[in-house]
Amino acid sequence: MCGSLKKRIQNYLKDRKYQRTRLVTKDGRCNIEFGNIKYSKHFAFLADFWTTFVEIRWRFVLFFFIASFTLSWFIFGLLWYWIARTNGDLTWQKPPAEHTPCVDNVVGLTTAFLYSLETQTTIGYGGRALTPICPGAVALLIIQSLLGAIINCFMCGVILSKISSPKKRAKTITFSDMAVISPKNGSLCLSIRVANLRKTLMIGSQIYGKLLRTTNTPDGETIIMDQVNIDFIMDAGKDNLFFVCPLTLYHMIDKSSPFFEMAVDTLHNQEFELVVFLDGTAESTSSSCQVRTSFIPQEIMWGYNFLPIISRSKEGKYRVDFSNFSKVVPVATAHCAYCFHNIRGHHHHSRDGHDNRGFDVIDIDQPNVTKM
């Protein structure tokens, strides 16, 4: 039991270490912080207040929602109390019996607050009503009604924008936990799986990658976050994907690839981060979104291939088995890209397929062939 607990603690600390060294986490968040920003630059966030409100956390949105309404009710309640006091409507002022108040039944601070709330929310219980003898009260009623409508529109817009944020659509697009390196169509490829968990399509999807690593220039300059483009291809093409079922992305490891100099025994000793991006437009909302994930060397498996997950039933329906989405199986693979391309015999690999247990055998009628 102690050995199992020790192993779990070690795995937890190892995961924490990998999490800290990532620029992009597995769920797409950027692990970066900004420091030494000039104080004057903070006012730029206030100038772009709409984006600031949309991007803040839900707890702050709810706080500002409650505070904006409550504070406006209280401030206008004080103004209504001031108008009633100026006109001598309050109870402690002992108005005469024939006295006409500015607002009926506003005789104290509590009733003034209630009238302010009823006015801004247009509840109108009927117990308190404005009389036409006070022009200032009429002007205050107009101002509060307009300001209340502005607060309503702004807060409802913020909440609607946060609910319909493209980041939420990105939650239903997932990448495989690991990347694999294995032969594919006569080439050595790095493969990653991506799936759309919704039946609605992502229109105009484009997938590309960036390899982040620390490099040294000939001038002796150290570049902490050097970015190298990584091109991915699919069997269905590169652009405008038909993203209705899980796809496998392939990066060909040739002489122009940054993975060409790596080998099975040196891969996990490298220091880099492969960030994969998927850009597209949601079919249901027409909003553009970007999905991101990253892979570090410890999450790339050399000499493995993904298990099949798509099958077809006897009823003619296509079925996707997500239990095999991130599962891999070992395949015969050259131990380095150089050997695969330059040493005879290393490019050969097993041609045996892998059984798809979810596949049902169906009978296919032979079509009529017309001979010329």
Side-chain angles (χ1 to χ4, degrees), residues 29 33-168 171 285 287:
R29 291 180 290 107
E33 61 180 16
F34 300 102
N36 297 326
I37 299 178
K38 293 182 179 180
Y39 181 77
S40 59
K41 297 296 182 180
H42 292 287
F43 291 102
F45 294 97
L46 296 179
D48 187 16
F49 65 92
W50 174 255
T51 305
T52 302
F53 269 89
V54 171
E55 291 183 348
I56 60 177
R57 296 180 180 272
W58 270 107
R59 62 176 72 101
F60 297 111
V61 172
L62 295 178
F63 171 77
F64 285 119
F65 182 87
I66 297 172
S68 60
F69 284 104
T70 305
L71 189 61
S72 63
W73 297 337
F74 181 72
I75 292 176
F76 280 100
L78 293 178
L79 295 176
W80 287 114
Y81 178 82
W82 174 73
I83 288 178
R85 179 178 177 179
T86 303
N87 195 48
D89 301 339
L90 304 179
T91 303
W92 59 270
Q93 292 178 314
K94 297 180 180 180
E98 66 278 3
H99 177 75
T100 301
C102 289
V103 182
D104 291 332
N105 297 321
V106 173
V107 295
L109 184 59
T110 302
T111 54
F113 175 79
L114 292 175
Y115 180 71
S116 172
L117 188 152
E118 295 171 15
T119 299
Q120 191 165 328
T121 58
T122 66
I123 292 177
Y125 289 118
R128 281 166 284 273
L130 184 66
T131 60
I133 68 167
C134 298
V138 176
L140 184 61
L141 178 68
I142 296 174
I143 294 173
Q144 184 173 6
S145 299
L146 294 175
L147 185 61
I150 293 174
I151 295 176
N152 278 331
C153 292
F154 180 81
M155 296 308 303
C156 289
V158 169
I159 293 176
L160 182 61
S161 296
K162 287 189 68 68
I163 293 175
S164 60
S165 172
K167 294 180 181 180
K168 306 303 179 183
K171 298 294 183 182
T285 60
S287 59

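On a predicted model such as this, the values are computed, not experimentally measured, just so you know.
Within the 4.5 Å cutoff, no side-chain heavy atoms of V106 are placed close to those of Y81. In this structure, N87 and I83 have side chains that are not in contact, with every pair of non-hydrogen atoms separated by 4.5 Å or more.
T70 places no side-chain N or O within donor-acceptor distance of the main-chain N or O of A67, the cut-off being under 3.5 Å. In terms of modelled atom types and a separation under 3.5 Å, the side chain of Q93 and the main chain of L90 share a donor-acceptor contact. Looking only at distances, no side-chain donor or acceptor of K162 sits under 3.5 Å from a matching main-chain atom of V61. Without hydrogens or angle criteria, S116 side chain to A112 main chain gives no donor-acceptor distance under 3.5 Å.
The CD1 atom of I163 lies 6.5 Å from the CD1 atom of I159; values are rounded to the nearest 0.5 Å. Rounding to the nearest 0.5 Å gives a distance of 10.0 Å between OG1 of T111 and CG of D89. The distance from atom CE of M155 to atom CD1 of I150, rounded to the nearest 0.5 Å, is 14.0 Å. In this structure, L114 CG and W73 CH2 are separated by 11.0 Å, a value rounded to the nearest 0.5 Å. To the nearest 0.5 Å, atoms OG (S72) and CG (N152) are separated by 9.0 Å. Annotation: the span from F64 atom CZ to I151 atom CD1 amounts to 13.5 Å, rounded to 0.5 Å.
Heavy-atom contacts from other residues, nucleotides or ligands closer than 6.0 Å to CH2 of W50 number more than 12.
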Self-check item: L147 and F76: CA distance, side-chain angles, deciding distance, side chain to side chain contact (heavy atoms under 4.5 Å, CB included) verdict
Solution: CA-CA 11 Å; L147 185 61; F76 280 100; 3.5 Å; yes
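Below 30°, between 30° and 60°, or above 60°: for Y115 and W80 the angle between ring planes is above 60°, a perpendicular geometry. By the 30° and 60° cut-offs, the orientation of the rings of F53 relative to F49 is perpendicular.
Annotation for I56 and T52: closest pair CG2-O, 2.9 Å, computed over non-hydrogen atoms.
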Name the atoms and distances for all side-chain donor-acceptor pairs under 3.5 Å in residues 124-141, with sequence neighbours left out.
from, atom 1, to, atom 2, distance (Å)
R128, NH2, E118, OE2, 3.0
T131, OG1, P101, O, 2.5
T131, OG1, C102, O, 2.7

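With sequence neighbours excluded, the residues satisfying side-chain hydrogen bond (donor to acceptor under 3.5 Å, both in side chains) with T51 are D48.
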